[in-house]
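For reference, the structure is listed below as structure tokens.
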Amino acid sequence: MASTRVFGVDDLAVNEARKVVLDGVPIAVVKDAAGEIFAIGDTCTHGDISLSEGFVEDDTLECWAHGSKFSLTTGKPLTLPAYEPVPVYAIEIVDGGVFIDPAVTIAV
């Protein structure tokens, strides 16, 4: 699958996470406090919870249900109870649009 435009850069507020589903893959697209955009797997590895419903803090996304924080750059959980990482997806910003290919993950 090729990259798909999910929305414009300005459509996502600072410290906001939004869920998109591309080719059946749920992805949390996040704009951190610095205005940088990331895409990580939307499903918490501790429970079947949507991470995009959680809280953006610095460079992490926190699961609202049990408090596990996931790194936006590596997908690794930084706090328990989660101990398995979520995938991190490559994004491209082209002409003010955010593009994601769910088949392309970043190995860290």
Side-chain angles (χ1 to χ4, degrees):
M1 177 177 186
S3 291
T4 301
R5 185 182 193 280
V6 292
F7 42 73
V9 170
D10 294 334
D11 295 333
L12 194 62
V14 169
N15 290 329
E16 180 183 2
R18 189 178 301 174
K19 179 180 180 177
V20 297
V21 179
L22 297 175
D23 201 26
V25 178
I27 298 172
V29 184
V30 181
K31 186 183 278 187
D32 70 6
E36 193 169 351
I37 297 178
F38 300 89
I40 67 173
D42 186 57
T43 306
C44 179
T45 56
H46 173 254
D48 192 20
I49 304 293
S50 175
L51 290 175
S52 60
E53 296 176 19
F55 313 101
V56 181
E57 185 178 312
D58 299 322
D59 60 350
T60 66
L61 182 55
E62 180 180 347
C63 179
W64 64 269
H66 299 109
S68 290
K69 290 184 180 184
F70 293 86
S71 166
L72 295 174
T73 57
T74 67
K76 294 179 182 175
L78 304 175
T79 59
L80 293 173
Y83 57 89
E84 293 291 326
V86 294
V88 176
Y89 298 93
I91 65 163
E92 291 181 284
I93 307 296
V94 179
D95 296 329
V98 179
F99 291 78
I100 302 171
D101 183 344
V104 180
T105 56
I106 300 171
V108 288

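Atom set for the values below is all heavy atoms of this structure, side chains included, hydrogens, waters and symmetry mates excluded.
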field: Euclidean distance, L72 CG relative to E57 CD, rounded to 0.5 Å
entry: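 So the gap between those two atoms works out to 11.0 Å.
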query: If you round to the nearest 0.5 Å, how far is CG of L61 from CG of L78?
result: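 Between atom CG of L78 and atom CG of L61 there are 11.0 Å.
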- prompt: By side-chain hydrogen bond (donor to acceptor under 3.5 Å, both in side chains), which residues pair with S71, not counting sequence neighbours?
  reply: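 Testing S71 for side-chain hydrogen bond (donor to acceptor under 3.5 Å, both in side chains), a comparison that skips the adjacent residues, returns T73, T74.
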query: Which residues, ordered by chain and number, are linked to W64 in its hydrophobic cluster, where ILVMFWY side chains connect at heavy-atom gaps below 4.5 Å, directly or through other members?
result: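 ILVMFWY cluster around W64 also holds I49, F55.
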Per-pair distances, 0.1 Å, donor-acceptor, side chain in residues 24-35, under 3.5 Å, sequence neighbours excluded:
unit_1: K31; atom_1: NZ; unit_2: V9; atom_2: O; d: 2.9
unit_1: K31; atom_1: NZ; unit_2: L12; atom_2: O; d: 2.8
unit_1: D32; atom_1: OD1; unit_2: A34; atom_2: N; d: 3.0
unit_1: D32; atom_1: OD1; unit_2: G35; atom_2: N; d: 3.0
unit_1: D32; atom_1: OD1; unit_2: E36; atom_2: N; d: 2.9

Quiz: residues 84-98 side-chain donor-acceptor pairs under 3.5 angstrom, not counting sequence neighbours:
unit_1: E92; atom_1: OE1; unit_2: S3; atom_2: OG; d: 3.4

Minimum-distance pair of heavy atoms, taken over all atoms of [X] and [Y]:
X	Y	value
I100	A39	CD1-CB, 3.8 Å
T79	G67	OG1-O, 3.2 Å
A82	F70	CB-CZ, 3.6 Å

field: Pairs flagged by ring pair (Phe, Tyr, Trp, His ring centres under 6.0 Å) wherever residues 17-46 is involved - sequence neighbours left out
entry: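 Counting only pairs at least two positions apart or across chains, the ring pair (Phe, Tyr, Trp, His ring centres under 6.0 Å) contacts touching residues 17-46 are H46-H66.
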- prompt: Taking only residues at least two apart or on different chains, which pairs with a member in residues 8-17 satisfy side-chain hydrogen bond (donor to acceptor under 3.5 Å, both in side chains)?
  reply: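 The answer is E16-R18.
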query: Do the side chains of Y83 and S68 get nearer than 4.5 Å, heavy atoms only?
result: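 They are not in side-chain contact.
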message: Holding to side chain to side chain contact (heavy atoms under 4.5 Å, CB included), I want the full list of residues that pass it with S50, two or more places apart in sequence or in another chain.
response: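 Per chain and number, S50 pairs via side chain to side chain contact (heavy atoms under 4.5 Å, CB included) with K19, D42, S52, E53.
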field: D59: partners by side chain to side chain contact (heavy atoms under 4.5 Å, CB included), with sequence neighbours left out
entry: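 Testing D59 for side chain to side chain contact (heavy atoms under 4.5 Å, CB included), a comparison that skips the adjacent residues, returns none.
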message: Could you check whether any side-chain N or O of D58 sits under 3.5 Å from a backbone N or O of T60, counting only pairs where one atom can act as donor and the other as acceptor?
response: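 No; zero donor-acceptor contacts below 3.5 Å.
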